[in-house]
There are 2 protein chains.
Amino acid sequence: MTSTDATPPLRPTRQRIAVAEAMASFDDFRSAQEIHELLGRRGEHVGLATVYRTLQRLADAGEVDMLRTEDGEAIYRRCSDTHHHHLVCRSCGRTVEVEGPAVERWTRAIASEHGFTDVSHTLEIFGTCPSCG
Amino acid sequence: MTSTDATPPLRPTRQRIAVAEAMASFDDFRSAQEIHELLGRRGEHVGLATVYRTLQRLADAGEVDMLRTEDGEAIYRRCSDTHHHHLVCRSCGRTVEVEGPAVERWTRAIASEHGFTDVSHTLEIFGTCPSCG
DNA sequence: GCTGATTTGACAACGATTCTCAATCGCCAT
DNA sequence: ATGGCGATTGAGAATCGTTGTCAAATCAGC
């Protein structure tokens, strides 16, 4: 393995920058389509397919979180680089990042207890936030 | 609201029974399409739309678990009636039901700490099982 | 400026899921 | 049993998010 290029050269194009900036501009989860629209409204036209491609790259690179709504739609959000989970308001979509070392430990323990390796997990908490309650 | 009927009468039709039996016949997660196919092969023809409708009912009734694969497809599995989570093998799909009272407590605590009510959560653990490792 | 690899965008293609709506079916009172 | 009637079904069309296609545009380096 001289330099296992799983990562081909990445170019900072106008489109990629636009998407990255858009992601930086809000705090909650948005779908690819919403981001595409947002960019359009801002005058930064970026093709829908490109938005999808870019978001995937960002997600792979761990720069954004991607999760699925109940009905299977992918939604994205910029995130801090530490591992964490989300507390999401069912009605207004407001999200809070939460951490739980105990949960991390627990999942690892359970997994190895069953002989599973290379473990990862997803955890989302849903509820009604104070202002929507 | 004389008797807030959120649950209209449910009829035990041939189709619903067939789907329920199919669900009882295996242990791992299957997609609606797979179940539809399975029934077809068994000679029990049930329309695809009906399979979808029935699985949704079952999921709403808490008789089956529904979760989403990484790519957004819905998959279903019969489940015990106690609240639990799944440890899923990324390569062969084998699943193990796990329980974690600590996690339940933790999510409830975190949520109320932020003023969220009516809380629920999803938690899945993915990994490579012993036989696939 | 030229060249080759990367990236883009418009649009077609896809696949899962839902909708439509007429034909059937199950339940229940007669 | 029988008839009425709302629940249910099925076949196919319609949605909708997402991915594929491929020629044109763009970029890095020479």
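We name chains A, B, ... by the order of the sequence lines, and we start the count at 1 in each one.
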Fill in: Partner residues of B:Thr50 under the side-chain contact (heavy atoms from CB on, under 4.5 Å) criterion, sequence neighbours left out
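If we apply the side-chain contact (heavy atoms from CB on, under 4.5 Å) test to B:Thr50, skipping adjacent residues, the hits are B:Gln15, B:Val46, B:Arg53, B:Thr54.
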
To which residues is [X] joined in a hydrophobic cluster, defined by side-chain heavy-atom contacts under 4.5 Å among Ile, Leu, Val, Met, Phe, Trp and Tyr, whether direct or through other members?
X       : answer
B:Val98 : A:Leu87, A:Val96, A:Val98, A:Val103, A:Trp106, A:Ile110, A:Phe116, A:Val119, A:Leu123, A:Ile125, B:Leu87, B:Val96, B:Val103, B:Trp106, B:Ile110, B:Phe116, B:Val119, B:Leu123, B:Ile125
A:Leu48 : A:Tyr52
B:Ile17 : none

Fill in: Spacing of CZ belonging to B:Arg77 relative to CD belonging to B:Glu63, to within rounding of 0.5 Å
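That separation rounds to 15.0 Å.
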
Practice prompt. Mind checking the CG-OH spacing from A:Leu58 to A:Tyr76? Nearest 0.5 Å is all I need.
Written response: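 A:Leu58 CG to A:Tyr76 OH: 9.5 Å, rounded to 0.5 Å.
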
Discussion item. Counting distance alone, no hydrogens or angles: does the base of C:dG9 have a donor or acceptor under 3.5 Å from a partner atom on the side chain of A:Arg53?
Written reply: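 Yes, a donor-acceptor pair under 3.5 Å.
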
Item to complete: Tell whether A:Arg11 reaches the base of C:dT6 with its side chain through a donor-acceptor pair below 3.5 angstrom.
Response: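 In this structure, the two groups form a donor-acceptor pair.
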
Worksheet entry | Bend angle of the helix from C:dG1-D:dC30 to C:dT30-D:dA1, from helix axes over five pairs at each end, nearest 10° |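 About 30° separates the two local helix axes.
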
Whether [X] contacts [N] is assessed here as follows: a side-chain N or O lying under 4.0 Å from the phosphate OP1 or OP2. Is that the case?
X       : N      : answer
B:Gln15 : C:dC25 : no
B:Arg16 : C:dC25 : no
A:Thr50 : C:dT7  : no
A:Gln56 : D:dT18 : no
B:Thr13 : D:dT9  : yes
B:Tyr52 : C:dT18 : no

Worksheet entry | DNA chain D-proximal residues of residues 17-38 of chain A, any heavy atom under 4.0 Å |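 When residues 17-38 of chain A is checked for heavy atoms under 4.0 Å from DNA chain D, the hits, listed by number, are A:Gln33.
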
Worksheet entry | Nucleic acid contacts of residues 70-78 of chain A, taken as heavy-atom distances under 4.0 Å to DNA chain D |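 Contacts with DNA chain D under 4.0 Å: A:Glu73, A:Ala74.
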
Side-chain polar contacts of residues 66-74 of chain A - donor-acceptor pairs under 3.5 angstrom, sequence neighbours left out - could you list them?
from, atom 1, to, atom 2, distance (Å)
A:Arg68, NE, B:Glu70, O, 3.0
A:Arg68, NH1, A:Gly72, O, 2.9
A:Arg68, NH2, B:Glu70, O, 2.9
A:Thr69, OG1, A:Asp71, N, 3.4
A:Thr69, OG1, A:Asp71, OD1, 3.1
A:Thr69, OG1, A:Glu73, N, 3.1

Item to complete: With DNA chain C as reference, determine whether B:Pro12 or B:Arg68 sits nearer its 5' end, using the nearest nucleotide of each.
Response: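 Nearest nucleotide further toward 5': that of B:Arg68.
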
Figure out the [atom1]/[atom2] separation between [X] and [N], and round it to whole Å.
X       : N      : atom1 : atom2 : value
A:Arg57 : D:dT18 : CZ    : P     : 18 Å
B:Met66 : C:dT17 : CE    : C1'   : 11 Å
A:Leu48 : C:dC14 : CG    : P     : 18 Å

Worksheet entry | Whether A:His83 and A:His121 hold their rings parallel, tilted or perpendicular, with breakpoints at 30° and 60° |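 A:His83 vs A:His121 ring planes: perpendicular.
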
Discussion item. Please classify the nucleic acid contact of B:Arg14 as base, sugar-phosphate, or nothing, using heavy-atom distances under 4.0 Å.
Written reply: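 The answer is sugar-phosphate, as B:Arg14 gets under 4.0 Å only of primed atoms, P, OP1 or OP2.
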
Practice prompt. Can you tell me which residue pairs pass the salt bridge (Lys or Arg N to Asp or Glu O under 4.0 Å) test with a partner in residues 110-128 of chain B, sequence neighbours excluded?
Written response: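 The answer is A:Arg90-B:Asp118.
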
Worksheet item: Which pairs pass salt bridge (Lys or Arg N to Asp or Glu O under 4.0 Å) with one or both residues in residues 24-46 of chain B, sequence neighbours excluded?
Response: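 Salt bridge (Lys or Arg N to Asp or Glu O under 4.0 Å) check on residues 24-46 of chain B returns B:Arg14-B:Glu44, B:Asp27-B:Arg78, B:Asp28-B:Arg30, B:Glu37-B:Arg41.
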
Fill in: Counterpart residues, salt bridge (Lys or Arg N to Asp or Glu O under 4.0 Å), relative to A:Arg94 (two or more places apart)
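For A:Arg94 there are no salt bridge (Lys or Arg N to Asp or Glu O under 4.0 Å) partners, ignoring immediate neighbours.
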
Discussion item. List the residues meeting ring-ring contact (aromatic ring centres under 6.0 Å, His included) with B:Phe29, not counting sequence neighbours, and say none if there are none.
Written reply: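 B:Phe29 satisfies ring-ring contact (aromatic ring centres under 6.0 Å, His included) with B:His86 once adjacent residues are dropped.
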
